[in-house]
Asker: 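Here you go, one structure.
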Amino acid sequence: MAAQEETEPASVTRARDRLYREAEAVRSEQLERALSRLRANGDLSDEQRAAVEQLSERLVDGLLAASRERLRMSPGDAEVARILMEMFD
C-alpha cells in the first residue's frame, strides 16, 4: 500500500516560499556587490564569476538547511511557519 501524501498547509507553503524569495534577494544583491568589487580590481574570468556565484548559492543553501528541515519535519506546525514569517517583518 502506498503512503498517502499529506497536503502542506498554506501557511507552511507561504513561509517556505517567502524564506526562499528573501534569501535569493539577499544572495543576488550581495553577489552583484562582490562581483562589482572584483571587476573594479581587474578582469574577472567566466570561471571566477561562476565560482563566486556557486559559493553564494552554497552559502545560502547551508544557511537555509535547518529551516528547510524544520518545515519538512513539522509540515502541520503553523507555529514554525509563523516564526519564519516574522523573521522578515
Side-chain angles (χ1 to χ4, degrees):
M1 178 185 281
Q4 206 175 22
E5 287 187 29
E6 294 183 34
T7 303
E8 185 176 78
S11 61
V12 172
T13 301
R14 284 191 307 272
R16 186 194 65 242
D17 291 349
R18 186 166 181 194
L19 180 67
Y20 291 151
R21 272 194 322 274
E22 295 285 341
E24 179 57 26
V26 170
R27 185 194 74 80
S28 294
E29 179 182 329
Q30 294 305 314
L31 175 62
E32 286 309 312
R33 287 181 69 188
L35 291 174
S36 178
R37 286 182 180 175
L38 291 169
R39 282 187 214 109
N41 292 328
D43 290 336
L44 189 64
S45 72
D46 289 343
E47 185 177 294
Q48 290 168 325
R49 180 181 172 27
V52 172
E53 188 162 354
Q54 187 177 47
L55 171 65
S56 71
E57 291 168 353
R58 287 181 176 171
L59 285 170
V60 168
D61 190 51
L63 291 170
L64 293 181
S67 297
R68 187 173 46 241
E69 182 65 13
R70 177 69 180 182
L71 282 170
R72 190 181 70 73
M73 297 299 291
S74 307
D77 192 343
E79 181 68 8
V80 172
R82 185 188 64 74
I83 290 168
L84 285 174
M85 293 293 281
E86 285 181 358
M87 290 172 51
F88 301 105
D89 290 334

Asker: Give a yes or no on this: more than 12 heavy atoms of other residues, nucleotides or ligands lie within 6.0 Å of atom CG of Asp17.
Answerer: yes
Asker: Kindly write out the residues that satisfy salt bridge (charged side-chain N to carboxylate O under 4.0 Å, His left out) with Glu69, not counting sequence neighbours, or none if the list is empty.
Answerer: Arg72
Asker: Starting from Leu31 and following side-chain heavy-atom contacts under 4.5 Å between hydrophobic residues (I, L, V, M, F, W, Y), which residues can be reached?
Answerer: Leu35, Leu38, Leu44, Val52
Asker: Look at Arg27 together with Glu24 and state whether they make a salt bridge at an N to O cut-off of under 4.0 Å.
Answerer: yes
Asker: In chain order, what residues pass the salt bridge (charged side-chain N to carboxylate O under 4.0 Å, His left out) check against Arg68, with sequence neighbours excluded?
Answerer: Asp61
Asker: Which other residues end up in the same hydrophobic cluster as Leu55, if Ile, Leu, Val, Met, Phe, Trp and Tyr are linked when side-chain heavy atoms come under 4.5 Å apart?
Answerer: Leu59
Asker: Taking Ser56 for the side chain and Glu53 for the main chain, is one N or O donor matched with an acceptor at less than 3.5 Å?
Answerer: yes
Asker: What pairs of residues pass the side-chain hydrogen bond (donor to acceptor under 3.5 Å, both in side chains) test when at least one of them lies in residues 29-42, not counting sequence neighbours?
Answerer: none
Asker: Please enumerate all residues that pass salt bridge (charged side-chain N to carboxylate O under 4.0 Å, His left out) together with Glu57, with sequence neighbours excluded.
Answerer: none
